[in-house]
Amino acid sequence: MSTEIQKVEFFRHDLGEAEVMAVKQVLEGPILTTGQVTYEFERRFARYLGVEHAVGCMSATAALHLAYLALGIGPGDEVITTPMSFIATATAICHAGATPVFVDVEPDTGNIDPAAVESAITPRTAAISPVHLYGQLCDMKWLRAIADRHGLAIVEDAAHSLEAEQEGYRSGTLGDAAAFSFYATKGITCGEGGCITVHNPDLDGKLRKLILHGMSKGAADRYSGPYRHWDMELLGWKYNLSNILAAILLPQLDRVEGNRNRREAICQQYEEAFSGLEGIGYPRVRPGRKSARHLFTLWVPPAKRDAYLAALQARGVGVAVNYRPIHLMEFFRETFEYQEGAFPRSEKIGYSTISLPLYPQLTDPEVGYVIDAVRAVWCELGT
Ligand SMILES: *Cc1c(COP(=O)(O)O)cnc(C)c1O
């Protein structure tokens, strides 16, 4: 059966009739920009996560940026985070005018190492930004204890971890703010979008101003009821989520758990198939944790990683690299003088990682095709 397959894309979205109908309804109404559909999405998103407030925005990058601004973190402040993430985790800290301070990760999960966080704290440290890599939550209880002891904020990069849970907490539960992404390849998507969650109503109010030019009234409210003058209270940005994009997101909330369960089943097939291949590894989901299973990554011998990438692509398997460590990107090397060897565990992951296709519409024969391709490449290239 799997012999008929010639190609498995790295990602395919699952948007369909429900999303088309929801967008059509917005297009037939008067408010295309932020309005009731956005607010409805925010309410349902917050309820799903069990947090107090959710503010829809343009991207997770914008969400992280605004979280720092709302928390008053900026020039002179340091934010401790990990280089094993997408660049936005660190660039958002720079956008706020603060300085990213990297620490290394746990070797088995790729998540920030709380012990390393503790030793990186200085009088300038203002926040910790943990990344729940590939969908597994960081050790948030430990990080919260460190933050409380030193009076630090926690800004979670939850771009991978929408469905994650452990010991009763979720993304955003223990942090002061959490940032979510609805980028094209994320678990729920509107092409480009994001959300910030917070517990504190004052932060929520501040975010709602910062997200729209610092104006005292939202755009949707400007067009309803009798005319009222608005003021600009602070220097804000233009990061709001429109009704059109929120309409694409709303129907997907109903499918979140089912889709995660399908990805979990695929991951288990991958893990079972690859655990016998000598020289091949993958990050571990620790016992008792529910991973969102956002990405499945293989760890292959670093010297052969690029050959594996090419060979898998030649067999029609879509691949990606999540991630080459941030501190070795040209901008970070030059601006912060980071060098090779600074974070050996992150670098080891960065040099050996390959992401495989993982999405709910992946069929069993396609999963089999990916597994056969990895096995064949492993035989071909060795370890
Ligand atoms: C996708 C992603 C981001 C950025 O999300 P955008 O919505 O594209 O800004 C940030 N951090 C991580 C870990 C991501 O995977």
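FYI, side chains are in, hydrogens and waters are out, and symmetry mates aren't considered; it's all heavy atoms of this structure. Numbering of ligands and ligand atoms starts at 1, following listing order.
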Looking only at heavy atoms of Lys186, does any of them come nearer than 4.0 Å to an atom of ligand 1? yes
Once you measure the plane-to-plane angle for Tyr359 and Phe11, does it fall in the parallel (<30°), tilted (30-60°) or perpendicular (>60°) bin? perpendicular
If you draw the axis of the six-membered ring of Phe41, does the NZ or CZ of Arg44 fall within 45° of it and under 6.0 Å from the ring centre? no
For the residue pair Ser346 / Asp104, report whether a side-chain donor-acceptor contact shorter than 3.5 Å exists. yes
re atom 3 (C) of ligand 1, the protein heavy-atom contact at minimum distance is Phe86 CD2, 3.7 Å
Is the distance from the ring center of Phe336 to that of His327 below 6.0 Å? no
Does this structure show an ion pair linking Arg375 with Glu278, if we count only N-O contacts that are shorter than 4.0 Å? no
Taking 4.0 angstrom as the limit, do Arg208 and Asp204 come out as a salt bridge? yes
Among all protein heavy atoms, pick out the one at the shortest distance from atom 8 (O) of ligand 1; state its residue, atom name and that distance to 0.1 Å. Tyr183 CB, 3.7 Å
Using a 4.0 Å heavy-atom cut-off, which part of Asp157 comes near ligand 1: side chain, backbone, both, or neither? side chain
Which residue holds the protein heavy atom closest to atom 15 (O) of ligand 1, what is that atom called, and what is the gap in Å? His160 NE2, 2.7 Å
Would you please determine whether Tyr134 falls within less than 4.0 Å of ligand 1 on a heavy-atom basis? no
Sub-4.0 Å atoms of ligand 1 with respect to non-hydrogen atoms of Ser59: 6 (P), 7 (O), 9 (O)
One should read off an interatomic distance between His160 NE2 and Ser85 OG, to the nearest 0.5 angstrom, of 6.5 Å
So, taking the atom named NZ in Lys186 and the one named OG in Ser181, what distance separates them when rounded to the nearest 0.5 Å? 4.0 Å
Around Lys290, counting heavy atoms of other residues, nucleotides and ligands shown, do more than 12 lie under 6.0 Å from its NZ? yes
For atom 9 (O) of ligand 1, what's the nearest protein heavy atom and its distance? Thr61 OG1, 2.5 Å
Which of the numbered atoms in ligand 1 are under 4.0 angstrom from any heavy atom belonging to Ser85? 13 (C)
Which option wins on minimum heavy-atom distance to atom 12 (C) of ligand 1: Ala92, Gly194, Ala159, Ser181? Ala159
Can an N or O of Ala60 be found at a distance shorter than 3.5 Å from an N or O of ligand 1? yes
Contact partition for Phe180 relative to ligand 1, non-hydrogen atoms under 4.0 Å: neither
Check contact between Gly193 and ligand 1, using heavy atoms of the residue and a distance below 4.0 angstrom. yes
